[in-house]
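Written out below as structure tokens is the structure these notes cover.
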Protein chains: 4
Amino acid sequence: MSSEAKAKVFGQKAKQTRQRILAAAAQELAERGGDLEIANVANTAQVSSGLIYRYFDSRTDLIAATVEDFYDQYDQWVIDINPLPGADWISRERARVERSISFIRKHPLAKVVFLNRQKEPLVAAVESRRLAAHLQLAIENVLLAQERGEIDSSIDAYVACPMIMGGIRELLVQLLSDSPQLNKKPHKMLDQTMAFMARAMGL
Amino acid sequence: MSSEAKAKVFGQKAKQTRQRILAAAAQELAERGGDLEIANVANTAQVSSGLIYRYFDSRTDLIAATVEDFYDQYDQWVIDINPLPGADWISRERARVERSISFIRKHPLAKVVFLNRQKEPLVAAVESRRLAAHLQLAIENVLLAQERGEIDSSIDAYVACPMIMGGIRELLVQLLSDSPQLNKKPHKMLDQTMAFMARAMGL
Amino acid sequence: MSSEAKAKVFGQKAKQTRQRILAAAAQELAERGGDLEIANVANTAQVSSGLIYRYFDSRTDLIAATVEDFYDQYDQWVIDINPLPGADWISRERARVERSISFIRKHPLAKVVFLNRQKEPLVAAVESRRLAAHLQLAIENVLLAQERGEIDSSIDAYVACPMIMGGIRELLVQLLSDSPQLNKKPHKMLDQTMAFMARAMGL
Amino acid sequence: MSSEAKAKVFGQKAKQTRQRILAAAAQELAERGGDLEIANVANTAQVSSGLIYRYFDSRTDLIAATVEDFYDQYDQWVIDINPLPGADWISRERARVERSISFIRKHPLAKVVFLNRQKEPLVAAVESRRLAAHLQLAIENVLLAQERGEIDSSIDAYVACPMIMGGIRELLVQLLSDSPQLNKKPHKMLDQTMAFMARAMGL
DNA sequence: GATGAATGAGGCTTCATTCAT
DNA sequence: CATGAATGAAGCCTCATTCAT
């Protein structure tokens with residue numbers, strides 16, 4: 001699939017170089033709104049353009065790997081860690097929304113990944129796979145809460161989860177777009193958001 | 001700015017040609033996932049590639065015009081027409097969601113426009129403007145309902161509207177992606193969706 | 001296979017341009033010993049490099065088409081025309097060897113095509129096909145002469161024809177390489193060559 | 001000029017490494033029809049790509065050395081050894097043709113060396129020199145036989161030798177190309193070939 | 001209005017070669 | 001001796017755009 005499929009083995013220095021290239025690619029994608037020029041990445045990473053092809057099969061493969069890397073970081077920060085073990089559903093989700101907001105505020109790639117879904121099949125496949133995984137997780141999350149009696153069983157998780165996730169993403173995009181209405185009172189916005197979710201999930 | 005700015009005047013035949021090009025561009029954008037090649041559009045529209053430049057300033061201008069055209073149709077079908085004059089907020093919204101679903105099912109460009117936001121400033125501007133207009137309409141819509149007492153005043157429209165619109169869009173995308181969970185019982189899905197919205201808006 | 005397979009239709013001027021490119025490619029191949037650079041071909045043909053791709057799918061396709069063109073000319077000059085209708089086998093072959101010699105002396109591509117068989121599959125396929133056709137023709141030629149009683153039936157055409165054709169080609173290559181021994185008395189060389197063939201074929 | 005000119009002195013292990021590289025280069029040339037990539041040779045030879053430059057000055061030098069090596073083996077097997085001391089011309093040549101056939105059947109490089117004459121001057125020079133040496137030997141061979149009265153003096157060795165050598169080479173190529181007509185009865189083919197040569201040389 | 005031949009800048013990719021370790 | 005990361009020149013190819021007819 002991506003260059004990872006070949007399971008290339010690199011030494012220590014090589015791994016650092018690979019990371020430098022990935023970081024430069026992320027920066028370039030952010031600056032150019034989802035586009036990327038090999039020469040610029042090479043410049044930023046302080047390597048020759050040819051070297052990039054030791055680590056990535058093609059320009060497209062580099063983009064895919066960068067997006068994959070972005071999702072890895074996002075997942076690590078927002079998804080994988082259960083921020084409040086033992087807490088109820090809505091408290092946990094609130095923590096996640098908070099962490100999402102702080103993540104996208106500092107990661108330059110966030111806006112691009114959330115806005116411009118790629119045309120190139122290889123990259124599109126990565127995004128599709130990761131988004132589907134998020135959705136799947138959210139659905140299982142809700143189903144579990146329903147089993148526990150936290151959420152009403154009459155709610156269809158397959159409808160509610162896309163709506164919540166799409167809603168949250170749109171909100172994040174609005175935030176990134178410097179919407180004045182949303183950015184002036186961040187705390188109130190979060191309260192409103194969670195209240196919306198709570199009502200929507202019948203809590 | 002866009003081709004409209006020039007206010008070109010065309011004869012009858014010319015208008016038809018322009019429409020054929022727009023339709024071909026829509027088809028090409030749909031087939032290539034948001035990308036477009038002038039030569040292919042010319043082929044599909046049965047015109048020479050040079051002719052396209054009599055009607056549109058540039059490739060980007062053509063894309064912008066096509067997207068604009070798409071939104072015109074969407075608005076005409078979903079937004080502008082008040083499907084149920086005198087009905088309450090949730091009934092009207094249900095009608096709009098229904099019309100949205102039928103529209104995207106038949107318009108090949110829907111998936112692309114909803115998924116791939118374009119990088120080119122000119123096109124991005126069109127999309128941004130039309131989306132902002134939709135959002136603005138939704139917000140005014142809610143504020144009005146709040147004045148009328150239909151919707152609780154404590155709900156912040158600037159949070160709730162993006163969430164609902166993003167949620168609906170994500171749902172539409174899932175529908176177009178042949179999600180088996182959503183497509184098997186269309187009517188139940190719609191009920192679930194509207195129930196979600198009703199709860200979320202405190203109805 | 002080559003660009004001919006697409007059966008593109010070109011206007012009058014376009015055909016001339018295509019011919020100019022083919023001629024330039026032949027010259028470039030001759031000058032660089034079988035190699036070819038698009039930019040140089042474009043320069044020689046007085047066209048932009050991009051234009052070449054309107055007429056040929058790729059650099060390799062251009063080379064293949066050029067070689068094909070070379071063989072077309074060669075066949076027209078040496079093979080297709082029966083130089084001496086009604087004459088006996090050896091007289092006809094003598095005429096063909098003469099025509100071969102005059103052809104390769106004036107066609108700049110001859111040396112390259114006869115010496116450097118190409119690695120690129122597309123070009124190799126062209127050469128293989130054309131050479132096989134020549135060999136097939138020669139074999140049928142001999143078989144016919146054997147039926148007529150001109151050539152002894154005990155001679156195996158499938159052995160004799162490759163040997164004669166390979167021998168002639170080697171001789172042509174020697175001629176092109178300015179072998180002093182062969183070039184000083186052209187007429188005697190031809191006599192010797194035909195005598196060799198006559199003996200070899202039992203005449 | 002070539003790596004031989006430097007007269008590098010290598011230890012025992014080094015000689016083995018050099019041989020491994022040469023063998024890998026031969027294999028690569030055979031597999032890719034006359035082309036060669038340093039990285040692939042290094043892979044096959046189980047050495048790093050950098051190491052190749054300890055033994056050969058350049059890629060071209062490596063190819064030249066490989067071809068030289070091929071001719072050394074060929075000459076040792078076919079030319080240098082006088083297979084039948086004291087025998088007459090045609091018997092000796094028959095032995096050589098037999099040995100040629102067995103050699104090219106087992107050496108993977110044979111087809112490539114006989115078919116693709118290289119463009120790079122250094123390699124072309126090697127091929128040209130070795131071929132010229134072969135031709136020179138054949139000519140002297142014939143002249144000697146003529147002095148002895150074995151072969152008729154009216155035959156021009158400078159015409160007959162290229163024709164025979166070119167003919168034999170073409171035959172070998174046909175054999176390697178799996179020509180069904182030639183491969184089904186190897187012994188008869190050899191008889192026919194030698195009969196052809198005998199007639200051609202007036203024997 | 002309409003054609004399609006022609007342009008040419010711009011980017012990706014390859015791969016022989018070098019060199020620090 | 002040996003490695004393999006790094007270089008960078010070189011060339012193919014694409015495709016939006018123009019313009020003579």
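Just so we're on the same page: letters track the sequence lines, and every chain starts at 1.
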* **Pairwise distance CD(B:E37) to CD(B:E28) - rounded to 0.5 angstrom** => 6.5 Å
* Pick the nucleotide of DNA chain F nearest each of A:G11 and A:S49; which residue has the one closer to the 5' end? -> A:G11
* Structure fact -> Atom CZ of D:R54 and atom P of E:dT21 are separated, to the nearest Å, by 17 Å
* To do: Name the nucleic acid region contacted by C:L36, choosing base, sugar-phosphate or nothing; use a 4.0 angstrom heavy-atom cut-off, strictly under.
  => sugar-phosphate
* For A:N43 and E:dC12, give me the distance from atom CG to atom P, rounded to whole Å. => 13 Å
* **Closest nucleotide among E:dA2, F:dC1, E:dC15 to the B:L51 side chain** => E:dA2
* Reckon C:I38 touches a base, only the sugar-phosphate, or nothing at all at heavy-atom distances under 4.0 Å? -> sugar-phosphate
* Atom-pair distance (CD on A:Q16; P on E:dT21), nearest Å -> 14 Å
* Hey, are C:R59 and C:D35 close enough for a salt bridge, meaning a charged N less than 4.0 Å from a carboxylate O? -> yes
Counting only pairs under 3.5 Å, give me each side-chain donor-acceptor contact of residues 109-119 of chain D, with atom names and distances, residues two or more places apart or in other chains.
| unit_1 | atom_1 | unit_2 | atom_2 | d |
| --- | --- | --- | --- | --- |
| D:N116 | ND2 | C:R117 | O | 3.4 |
| D:N116 | ND2 | D:G33 | O | 2.7 |
| D:Q118 | NE2 | D:G34 | O | 2.8 |

* **C:K13 NZ - F:dT21 P separation (whole Å)** => 7 Å
* To do: Find the distance A:Q19:CD to F:dA5:P and express it as a whole number of Å.
  => 15 Å
* To do: Give none if E:dT3 has no partner; otherwise give the nucleotide forming a Watson-Crick or G-U wobble pair with it, both distances under 3.5 Å.
  => F:dA20
* **Separation of F:dA10 C1' from C:D35 CG (nearest whole Å)** => 12 Å
* Does B:D69 pair with B:R18 as a salt bridge, N-O distance under 4.0 Å? -> no
* For D:R59 and C:V47, take the nucleotide of DNA chain E holding the closest heavy atom to each; which residue's nucleotide lies nearer the 5' end? -> C:V47
* Asked: Nearest-Å distance, CD (B:E120) to P (F:dC15)?
  -> 14 Å
* For E:dA9, the Watson-Crick or wobble partner whose two distances fall under 3.5 Å -> F:dT14
* Asked: Between C:Y55 (OH) and E:dT7 (P), how many Å, whole number?
  -> 9 Å
* To do: Nearest-nucleotide wise, let me know which of A:G50 and A:F10 is further upstream toward the 5' end of DNA chain F.
  => A:F10
* To do: Specify the closest pair of heavy atoms between B:A42 and B:S48, including all atoms of both residues, with the distance to one decimal.
  => CB-C, 3.9 Å
* Would you say E:dT14 has OP1 or OP2 under 4.0 Å from some side-chain N or O of A:Y53? -> no
* Asked: Toward the 5' end of DNA chain E, which comes first, C:S48 or B:Q46, by nearest nucleotide?
  -> B:Q46
